[in-house]
Amino acid sequence: MSNFVLNDCINRRVDTNMSLSERVKTLTPSSTLAISALATELKNQGHDVIGLGVGEPDFNTPDYIIDAAKTAMDEGKTKYTASGGIPELKKAIAKKLKLDNDLEYSTDEIIVTSGAKHGLYALFQTILNPEDEVIIPGPYWVSYPEQVKLAGGKPIIIETVENNHFKVTPEQLEAVITDKTKAIIINSPSNPTGMMYDKEELEKIGEICLKHGILIISDEIYEKLIYTDEEHISMAQISDALKALTIVINGVSKTYAMTGWRIGFAAGPKEIIKAMTSHASQSTSNPTSIAQYAALAAYESDSNSVTEMNKIFSNRLELFYDLIKDIPGITCLKPKGAFYLFPNVKEAATKGGFATVDDWVSALLEEEKVAIVPGSGFGSPNNVRLSYAASEDLLKEAAKRIRRFVENHSS
Ligand SMILES: Cc1ncc(COP(=O)(O)O)c(C=O)c1O
């Protein structure tokens, strides 16, 4: 390159920070993914780290699903697909919704997305105008508020209380509704709390949504990971009127140990799904073709592998919950679903002289090499999230280290 050209480039070099959009400058990166990345980095450096930050099953994707993907590749199913997903998969999802949830959806009311996360992202992009408000009961999954903001909307957080099992009450909901309210997110079973809404609770929330014409985003990604006799209920099941306001979000990530395949779906009113599909046509084009065939095999299979995984998670919950809840300064509600404990550790942190629970979490990682996620990212700064998607031996060892850490810091 001649000096003249080089100098010209240097002179015209833009300040890369200045060139970032306001949108991304205020974006908070996912704390759960950050802690997983840090745990992996420490492990790679040779540290004996136990990573309980991760939000994914530790099982491998079942073989029959992997085989279906291999067959799809062998058969040349490696091209673009319809933006909203292959028709066979949409049909299988409609069948799943009928069998599992007693919900009737036609295939033009379903879109296959690149993970449930992308389904939510595309949905917010599709329904939100600037300043539209989305009600998010907290503790919430870390991505909800950020995705709402990315779409120009305003997250309105309702702080729920432990005494009410971290569930939003009708009174709390009524109190925050304005003429800008567009939607509410209901995540049951919940990440991070593992709590579930029953039919009566959904009816009361639904009634308010109907009165004010508020859309309901029902994130049901943990529907198959429930460890009590309670049944998962979708808001869309409560009545036809509520179904017309609800967008169901779900996918294969958690149920079939398929987090890396990136397949989710949204089911809801035709107009919204059609607009989401147009959005996909200009953003992703389509979810990965091979992964769609794998998801098809998952939905068309009998549910043996799901039942087996569920049993293992249930045993781990019993084990880990008993070990954690008895540590001094830690209190914990017993979750009903998902694969997380969400204990309150404020007393342990304060007794240990830590200014915040975030500091307590950092010290736990530094001293005992246990990686967990601070509750602040979930809107609950006194809590921490511990994933029990790990072997029983690792969970026992993690609980031992956490207890030792608390005892070493109780002045
Ligand atoms: C509550 C909740 N919704 C959605 C998702 C996204 O799942 P997916 O892997 O399908 O994008 C997650 C993943 O952690 C989650 O916890």
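For ligands, and for the atoms within them, numbers begin at 1 and follow the listed sequence. Values below: every heavy atom of this structure, side chains too, minus hydrogens, waters and symmetry copies.
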Subject >> Glu109/Lys90 salt bridge by N-O under 4.0 Å criterion >> reply: no
Original post:
Between Asn101 and Glu223, do the side chains contain an N or O donor and an N or O acceptor separated by less than 3.5 Å?
Top reply: yes
**OP:** Report yes if Asp219 has an N/O atom closer than 3.5 Å to an N/O atom of ligand 1; otherwise report no.
**Re:** yes
Original post:
For ligand 1, does Glu56 get within less than 4.0 Å through its side chain, its backbone, both, or neither, judged by non-hydrogen atoms?
Top reply: neither
Subject >> Short N-O contact, Lys149 and Glu146, less than 4.0 angstrom >> reply: yes
Original post:
Relative to the heavy atoms of Asn187, which atoms of ligand 1 are at a distance of less than 4.0 Å?
Top reply: 1 (C)
Original post:
Measuring from the heavy atoms of Ala116, does anything fall under 4.0 Å of ligand 1?
Top reply: yes
Original post:
Could a heavy atom of Thr259 be found less than 4.0 Å from some atom of ligand 1?
Top reply: no
Original post:
Taking heavy atoms and a distance under 4.0 Å, where does Tyr144 meet ligand 1: side chain, backbone, both or neither?
Top reply: side chain
**OP:** Name the closest protein heavy atom to atom 11 (O) of ligand 1, giving the residue it belongs to and the distance to 0.1 Å.
**Re:** Arg262 NH2, 2.7 Å
Original post:
Based purely on interatomic distance, does His118 place a nitrogen or oxygen under 3.5 Å from a nitrogen or oxygen of ligand 1?
Top reply: no
Subject >> Cationic tip of Lys204 above Tyr197 ring, under 6.0 Å, 45° of axis >> reply: no
